[in-house]
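In what follows, chains carry the letters A, B, and so on, assigned in the order in which the sequence lines appear, proteins first and then strands, with residues in each chain numbered from 1.
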There are 2 protein chains.
Amino acid sequence: MPNSQDLKEAGLKTTLPRLRILAVLENGNQRHFTAEDVYKSLLEAGEDIAFATVYRVLTQFENAGLVLRHNFEGGRSVFELDDGEHHDHMVCVKCNNVTEFYDAEIEVRQKAAAEKHNFELQDHSLYLYGLCGNCTK
Amino acid sequence: MPNSQDLKEAGLKTTLPRLRILAVLENGNQRHFTAEDVYKSLLEAGEDIAFATVYRVLTQFENAGLVLRHNFEGGRSVFELDDGEHHDHMVCVKCNNVTEFYDAEIEVRQKAAAEKHNFELQDHSLYLYGLCGNCTK
DNA sequence: GTATATGCAAAACTTTTGCATCCTT
DNA sequence: AAGGATGCAAAAGTTTTGCATATAC
């Protein structure tokens, strides 16, 4: 779990906005946030942090490797704390709920596909879209 | 390969802009286009079609099932003719070249992962990011 | 004290839309 | 002739940036 130490190691000063944003990402009841989600959480917690700062900080966190940015359908970025354990995502198109999953075989086949095409794999994103358990009831 | 017949079947009138945009998607030396790519191709071909029309038509084609829209990293949509044969994509982060690939086992495991989580799969996107063969030389 | 970070407002970008006019059937 | 499509310009939505002020070290 990232903390102020991680900020320093990333060359980022330990400022109040950064700590507050980190707290939202760590302690929220969700793991996946749009920038607006983060901003609203801060407002609700009584924190007065500019929207521009939220974006700046999230981008800095992303560059520092603390946060992952996803480009799901819908045109808005979704941010998530990088816990170091890679996983993929199922996104409910109705309620926007995000479920994480992992399949070792899929990872292996991706690497194999990349090698086969002489492609130097750096990263990947696998998003499943559909209806989550709650929304099919 | 879609044609004016497909337009009619989709409830879309056979208009010059639609035919021209279809022609770009079919006959370009690439298969993957941003809206701007399409617009520029039209300009180069001497066609005077509004940018807004390009977006409108691409969206209509998407809804009609003629075209797929991808959300790669970078924040701009990428469009591709839907040839009916599902495939995934490797995107070169240096030259933006897009390579298609398909792995039946990955498809199977995705379905299995969805079922395991009681998730009704509708669609998915798998993008590999890295350096293509040309860019690692 | 110095360098870096933040707030605010404005800009940049992509994509969509309102409306008058034009085209297809 | 009638309904749908296009062009233009303006709007909408997300994300970034310039600059003066404030903060961390």
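- The phosphate of D:dT14 (OP1 or OP2) has no side-chain N or O of A:Ser77 nearer than 4.0 angstrom.
- Atom pair A:Tyr55:OH and D:dG13:C1' shows a separation of 9 Å (rounding to whole Å applied).
- With rounding to whole Å, A:Ile49 atom CD1 is found 13 Å from D:dT23 atom P.
- Atom CG of A:Leu12 and atom C1' of D:dA24 are 13 Å apart (whole Å).
- Of the two residues near DNA chain C, B:Lys13 and B:Gly75, the one whose nearest nucleotide lies more 5' is B:Gly75.
- Contact annotation: A:Thr15 does not reach the phosphate of D:dT23 (side-chain N/O to OP1 or OP2, under 4.0 Å).
- Atoms CD (A:Glu36) and P (D:dT14) sit 6 Å apart, rounded to a whole Å.
- Between A:Leu7 and A:Leu66 the shortest side-chain heavy-atom distance falls below 4.5 Å.
- Atom pair B:Glu47:CD and D:dT6:C1' shows a separation of 14 Å (rounding to whole Å applied).
- Remark: A:Thr14 is in phosphate contact with D:dC25, judged by side-chain N or O atoms under 4.0 Å from OP1 or OP2.
- Side-chain contact, B:Thr53 with B:Arg18: no donor N or O sits under 3.5 Å from an acceptor N or O.
- Nearest nucleotide to the A:Ala52 side chain, out of D:dA5, D:dT16, D:dG7: D:dT16.
- In this structure a side-chain-to-backbone donor-acceptor pair under 3.5 Å is present from B:His87 to B:Glu85.
- A:Tyr39 has its OH atom 14 Å from the P atom of D:dT14, to the nearest Å.
- To the nearest angstrom, P of D:dT16 lies 11 Å from CZ of A:Arg56.
- The residue B:Thr34 sits apart from the nucleic acid: no heavy atom pair falls under 4.0 Å.
- Using modelled atom types and a 3.5 Å distance limit, the side chains of A:His70 and B:Glu73 yield no donor-acceptor pair.
- In this structure, A:Tyr127 has its ring center under 6.0 Å from that of A:Phe72.
- You can see that DNA chain C meets the heavy atoms of chain A within a 4.0 Å-exclusive cut from C:dA3 to C:dA9, reading 5' to 3'.
- Ring centroids of A:His86 and A:His124 are separated by less than 6.0 Å, placing the two rings close together.
- Candidate nucleotides D:dA24, D:dA5, D:dT15 were compared by shortest atom distance to the side chain of A:Arg76, and D:dT15 ranks first.
- Under the 3.5 Å distance criterion, with hydrogens and angles disregarded, no donor-acceptor pair is assigned to the side chains of A:His117 and B:Glu100.
- Rounded to a whole Å, the NZ atom of B:Lys8 is 15 Å from the C1' atom of D:dG4.
- Remark on DNA chain C: of its neighbouring residues A:Arg18 and B:Leu16, the 5'-side contact belongs to A:Arg18, judged by nearest-heavy-atom nucleotide.
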